[in-house]
Amino acid sequence: MLLAMEGKLFLCQYLIWVMLLLGQLHGCTSCIEKEREALLELKKYLMSRSRESGLDYVLPTWTNDTKSDCCQWDGIKCNRTSGRVIELSVGDMYFKESSPLNLSLLHPFEEVRSLNLSTEGYNEFNGFFDDVEGYRSLSGLRNLKIMDLSTNYFNYSTFPFLNAATSLTTLILTYNEMGGPFPIKGLKDLTNLELLDLRANKLNGSMQELIHLKKLKALDLSSNKFSSSMELQELQNLINLEVLGLAQNHVDGPIPIEVFCKMKNLRELDLKGNHFVGQIPLCLGSLKKLRVLDLSSNQLSGDLPSSFSSLESLEYLSLSDNNFDGSFSLNPLTNLTNLKLFKLSSRSHTIQVKMESTWQPNFQLSVVVLRFCSLEKIPSFLLYQKKLRLVDLSSNNLSGNIPTWLLTNNPELEVLQLQNNSSTLFPIPTMVHNLQIFDFSANNIGKFPDKMDHALPNLVRLNGSNNVFQGYFPTSIGEMKNISFLDLSYNNFSGKLPRSFVTDCVSLMFLKLSHNKFSGRFLPRETNFPSLDVLRMDNNLFTGNIGGGLSNSTMLRILDMSNNGLSGAIPRWLFEFPYLDYVLISNNFLEGTIPPSLLGMPFLSFLDLSGNQFSGALPSHVDSELGIYMFLHNNNFTGPIPDTLLKSVQILDLRNNKLSGSIPQFDDTQSINILLLKGNNLTGSIPRELCDLSNVRLLDLSDNKLNGVIPSCLSNLSFGRLQEDAMALNIPPSFLQTSLEMELYKSTFLVDKIEVDRSTYQETEIKFAAKQRYDSYSGRSEFSEGILRLMYGMDLSNNELSGVIPTELGDLLKLRTLNLSHNSLLGSIPSSFSKLIDVESLDLSHNMLQGSIPQLLSSLTSLAVFDVSSNNLSGIIPQGRQFNTFEEESYLGNPLLCGPPTSRSCETNKSPEEADNGQEEEDDKAAIDMMVFYFSTASIYVTALIGVLVLMCFDCPWRRAWLRIVDAFIASAKHVLP
């Protein structure tokens with residue numbers, strides 16, 4: 001009986017639990033039909049604004065299927081009991097054009113607490129509208145606490161709508177299109193706001209409106225355009241503020257202590273990336289609650305304030321990239337037991353970090369960065385650190401051995417960066433370590449560490465470039481199965497690559513072995529790099545044909561085999577790589593023709609086949625979708641240049657081939673930035689269609705057989721005719737694909753992480769005749785943007801051009817070099833050349849120019865080379881400024897030129913006007929003298945003749961004697977003549 005009663009009781013309890021569970025499940029899995037329909041209406045509206053190609057990406061889980069519960073849809077979260085929508089996120093949008101959102105579509109969601117309209121799609125939201133309730137539209141959403149509008153095109157017109165959402169506690173507006181002064185009165189009614197994120201909106205001006213936000217605890221104004229400490233003064237009234245971000249603005253002057261030192265509740269202060277100068281304020285040490293302080297990338301100097309010893313809560317301190325110099329003491333950090341991350345570096349490179357050898361601080365760091373600190377040995381305090389995850393001691397003066405205790409004492413160490421030092425040896429620890437990133441490049445290590453695969457089996461990234469390694473390739477690397485990035489370039493390795501390496505390192509994505517002495521055939525057929533993305537093997541001694549070793553590396557994007565001894569033809573398997581972007585095989589012994597399929601690859605943007613033995617006709621067109629740089633110079637190509645070749649081409653270098661015919665009337669010239677045709681057999685005149693190269697920066701037609709006149713319409717070229725942004729040369733970007741990401745520290749707004757990318761840079765080098773030599777003008781490299789984007793030049797030298805120099809060429813305002821030498825040009829030097837204010841080299845030598853050198857050219861302050869030798873110029877050589885620096889060689893072959901630097905003297909003290917007038921007077925005097933000479937000569941002749949004739953009329957003894965002499969002379973002449 002008792003057992004039966006207990007069984008019934010247990011059954012009742014079980015049924016109750018089942019009913020409750022079903023009720024909970026029902027509450028979790030069902031949504032209100034009214035809100036379901038509203039969600040579908042919202043989707044319908046968003047789809048009506050979307051691009052056709054993006055329709056499949058618009059909220060695909062939001063369906064009309066009645067069995068589909070809207071609480072399970074992506075971006076939707078419902079209340080467990082009521083089934084009402086409490087969180088709504090629309091995800092990425094792909095609109096036809098930026099579109100406003102109809103806020104009335106949100107009215108059915110009366111209990112929504114979080115509304116996320118952030119998107120990273122295409123043509124995002126740009127505003128709100130509500131034809132019925134207007135600006136009061138959001139006031140009905142009384143439970144709305146969080147609103148995220150980041151990464152859109154919202155502007156000031158949005159604020160009146162937002163000001164009605166008085167229940168908001170969190171508002172995120174990062175990466176929008178605000179611009180201009182801080183929104184006045186736009187948020188004054190949001191008195192419940194606790195977090196306001198306005199990063200990256202180009203805001204500036206006074207922030208007086210913020211005084212209404214009494215409950216505000218977190219404010220981020222990073223990446224805006226605040227430039228003065230005066231603009232920050234209103235912040236001192238936000239006494240409850242706990243988090244403040246002002247990073248990446250343009251604020252200069254000393255750090256305003258009257259603003260920040262009054263914020264006694266501050267826990268996080270981010271001022272990195274401004275222009276603050278002077279010393280770190282002593283009063284920052286009074287902010288006892290401070291956990292995060294980032295002062296990096298400013299211009300601060302001096303020492304670490306002693307008051308920092310009071311910041312007992314400090315966890316994160318970054319002082320990197322400032323102007324500290326001289327002695328810098330770390331003693332104030334001794335007792336900061338909570339400190340986890342410390343960064344220090346100086347641009348001055350003269351900082352001397354001061355710490356006693358016995359210094360033993362009380363903190364345990366996870367991250368330490370001491371770059372450019374003039375360290376001569378590894379700081380001894382690191383010996384006591386046991387929890388390090390990242391150590392960066394790069395760019396110091398460290399020498400000797402790299403200590404193994406850095407690894408043995410810190411089993412959690414993942415990143416060790418010791419590049420740019422003078423270390424000579426790295427002893428491998430005996431223990432197995434989990435290190436993932438190791439960079440010891442640019443040291444003086446002569447022997448590659450032995451058995452690295454045993455001690456560091458989990459290495460993902462290894463950079464040992466720019467050392468003095470010799471001998472064969474380290475076989476231990478072949479056992480490192482996880483390695484994805486390997487750079488051993490700029491060493492003295494030699495011999496063949498071991499089989500274990502090319503077959504077993506299947507995780508490799510980036511491989512750079514450039515500038516060594518590796519030899520043998522280029523990657524044998526058994527090579528197995530299926531994930532390879534970047535391969536740089538340039539400047540080695542590889543020989544033979546390009547085999548099939550890379551045929552399974554179908555993910556390859558960048559291939560550099562230049563400056564080796566490779567021969568044969570381009571292999572066909574190369575054309576089957578769908579993502580191939582950069583192909584560099586220059587300066588080898590390759591031959592044959594260019595296969596059309598090579599230029600039909602859709603993503604190919606950089607092709608360098610220069611310095612080989614390719615022959616045959618040029619390809620007729622290029623199919624690149626993004627524009628291509630094409631270097632085909634120093635080969636044996638023949639035939640004409642196709643008129644369709646410039647389509648989608650940004651740089652075309654055909655110099656020093658055997659091309660013939662005339663310059664074609666190119667089709668579609670909008671993409672071309674640099675056109676180099678020097679050193680071929682091109683004939684005919686310069687076509688007027690060449691004047692349509694509206695974006696050209698460098699034009700080289702020299703060393704051909706072109707004739708006719710220089711078209712005056714060449715002044716239509718882009719040398720100064722267009723705005724700077726319209727002329728921007730599209731330098732290919734560096735490749736920054738993240739292969740490893742590691743979060744080091746995270747706070748409210750600040751996230752400090754290391755992103756290790758398999759980056760590679762391609763330097764675009766153009767050799768162009770300037771300053772009477774061939775200079776290299778480079779584009780982006782690993783270290784700089786280069787000067788190629790600043791170079792403008794035109795070279796028409798060594799042709800058969802005739803006629804006068806068009807005065808319109810003086811309108812090429814940004815021209816830096818102009819070479820018209822070795823032609824048959826006539827006339828005078830145009831005075832309009834005085835407008836070429838940026839010109840550095842002007843060569844007009846070896847022509848038939850006449851007249852004087854325009855005095856106005858002396859105003860060209862950038863002119864470094866001026867050559868007018870071997871012409872027929874006359875008059876006074878201009879003096880002043882740059883003309884005082886030119887040697888006599890610039891004027892040789894012009895015998896009528898006078899004045900310095902020649903030895904021929906002339907009146908140099910006259911002004912240009914007086915010199916011209918004097919020359920005219922001398923010419924007039926010379927003309928008068930010649931007339932007098934001719935008149936006097938004729939008069940004397942006529943007078944003498946008349947005198948003789950008159951005297952012959954009189955009979956006298958001397959007349960008869962004269963006649964006898966004449967008769968005797970005539971008789972003698974008759975005997976002589978036959």
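I876 places none of its side-chain heavy atoms less than 4.5 Å from the side chain of Q855. Using a 4.5 Å heavy-atom threshold, the side chains of M509 and L532 count as separate. Looking only at side-chain heavy atoms (C-beta outward), L675 and L693 come within less than 4.5 Å of each other. S869 has its side chain out of reach of E889: every pair of non-hydrogen atoms, C-beta onward, lies at least 4.5 Å apart. In this structure, the side chains of I686 and V709 stay at 4.5 Å or more apart for every pair of heavy atoms. Two residues are said to be in side-chain contact when any heavy atoms from C-beta on lie closer than 4.5 Å; I853 and L897 meet this criterion. Looking only at side-chain heavy atoms (C-beta outward), L511 and F529 come within less than 4.5 Å of each other. The side-chain heavy atoms of L690 and L717, taken from C-beta on, include no pair separated by under 4.5 Å.
Nearest heavy-atom pair, K814 versus D838, reported as atom, atom and distance to 0.1 Å: CA-OD2, 4.0 Å. Across S712 and E808, no two heavy atoms sit closer than the pair CB-OE1, 3.5 Å. Contact record, L856 with S859: O-OG, 2.7 Å, taken as the closest heavy-atom pair. Scanning both residues, L659 and N680, for their nearest heavy atoms gives N-OD1, 3.1 Å. Heavy atoms only, all atoms of each residue included: G899 and C906 are closest at N-SG, 3.5 Å. The two residues V534 and L556 have their closest heavy-atom pair at N-CD1, 4.2 Å.
Legend: residues meeting ring-ring contact (aromatic ring centres under 6.0 Å, His included) with F577, ordered by chain and number and at least two apart, are W573. Considering only residues two or more places apart in sequence or on other chains, F886 meets the ring-ring contact (aromatic ring centres under 6.0 Å, His included) condition with F866, F883. In this structure H621 satisfies the ring-ring contact (aromatic ring centres under 6.0 Å, His included) test with no other residue, sequence neighbours excluded. Residues satisfying the side chain to side chain donor-acceptor pair (under 3.5 Å) criterion with H822, sequence neighbours excluded, are absent altogether. For K835, the salt bridge (charged side-chain N to carboxylate O under 4.0 Å, His left out) partners two or more places apart in sequence, or in a different chain, are D811. Applying the ring-ring contact (aromatic ring centres under 6.0 Å, His included) test to F614 and every residue at least two apart in sequence or in another chain returns nothing.
Note: L604 CG to L598 CG = 6.0 Å, rounded to the nearest 0.5 Å. Here the CD1 atom belonging to I585 is positioned 9.0 Å from the CG atom belonging to D560, to the nearest 0.5 angstrom. Atom-to-atom distance recorded for L541:CG and L566:CG is 10.5 Å, nearest 0.5 angstrom. Taking CZ of R536 as the reference point, atom NE2 of H515 lies at 9.5 Å (rounded to 0.5 Å). Once rounded to the nearest 0.5 Å, the distance linking OG of S841 with CG of L815 reads 10.0 Å. Taking CG of L618 as the reference point, atom CG of L652 lies at 8.0 Å (rounded to 0.5 Å).
In this structure, N823 contributes its side chain and L801 its backbone to a donor-acceptor pair below 3.5 Å. In this structure, N847 contributes its side chain and L820 its backbone to a donor-acceptor pair below 3.5 Å. Side-chain atoms of S832 come within 3.5 Å of backbone N or O of T807 as a donor-acceptor pair. Listed for the S648 side chain is no donor-acceptor partner under 3.5 Å among the backbone atoms of G627. Looking at N894, its side chain does come within 3.5 Å of a backbone N or O of L873 through a donor-acceptor pair. Proximity of a side-chain donor or acceptor of N704 to a complementary backbone N or O of L677 within less than 3.5 Å is detected. For R521 (side chain) and F542 (main-chain N/O), no donor-acceptor pair under 3.5 Å exists by modelled atom type. Although no hydrogens or angles enter the test, the distance criterion places no donor-acceptor pair under 3.5 Å between the side chain of D843 and the main chain of S797. Remark: side-chain polar atoms of N540 are paired, donor with acceptor, to backbone N or O of F518 under 3.5 angstrom. The main-chain N or O of F637 is never found under 3.5 Å from a side-chain atom of N635 such that the two would form a donor-acceptor pair.
Donor-acceptor pairing under 3.5 Å is recorded for the side chains of D581 and S605. Side-chain contact check for N695 and N673: no donor-acceptor pair (N or O, by modelled atom type) lies under 3.5 Å. Checking S514 against D538 by side-chain atom types alone, a donor-acceptor pair falls below 3.5 Å.
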Quick one, N707 with S685, criterion side chain to side chain contact (heavy atoms under 4.5 Å, CB included). Give me CA distance, side-chain angles, the key distance, then yes/no. CA-CA 5 Å; N707 54 39; S685 61; 4.3 Å; yes
For a side chain to side chain contact (heavy atoms under 4.5 Å, CB included) check, start with the C-alpha distance between R655 and D700, then their side-chain angles and the critical distance, and finish with the verdict. CA-CA 9 Å; R655 290 177 294 181; D700 190 350; 4.0 Å; yes
May I have the step-by-step check of side chain to side chain contact (heavy atoms under 4.5 Å, CB included) for M848 and S824, ending in yes or no? CA-CA 6 Å; M848 295 184 285; S824 300; 3.7 Å; yes
Just do the side-chain hydrogen bond (donor to acceptor under 3.5 Å, both in side chains) check on R697 and Y792 with the steps written out, would you? CA-CA 5 Å; R697 287 171 171 259; Y792 305 83; 3.2 Å; yes
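A side chain to side chain donor-acceptor pair (under 3.5 Å) check over residues 585-600, counting only residues at least two apart or in different chains, returns the pairs N563-N587. Residue pairs meeting the disulfide (SG to SG under 2.5 Å) criterion with at least one member in residues 637-711, sequence neighbours excluded: C691-C713. Counting only residues at least two apart or on different chains, no side chain to side chain donor-acceptor pair (under 3.5 Å) pair has a member in residues 871-883. The ring-ring contact (aromatic ring centres under 6.0 Å, His included) pairs that include a residue from residues 693-715 number zero, where partners must be two or more places apart or lie in different chains. Among residues at least two apart or in separate chains, there is no disulfide (SG to SG under 2.5 Å) pair with a member in residues 552-640. Residue pairs meeting the ring-ring contact (aromatic ring centres under 6.0 Å, His included) criterion with at least one partner in residues 645-669, sequence neighbours excluded, do not occur; the list is empty.
Atom CZ of R572 sits in a sparse spot, with 12 or fewer heavy atoms from other residues, nucleotides or ligands closer than 6.0 Å. The number of heavy atoms from other shown groups lying within 6.0 Å of CD (Q665) does not exceed 12.
The one candidate from D653, D608, N657 that meets the side chain to side chain donor-acceptor pair (under 3.5 Å) condition with H633 is D653.
Ring geometry, Y629 versus F606: the interplanar angle falls from 30° to 60°, so the pair is classed tilted.
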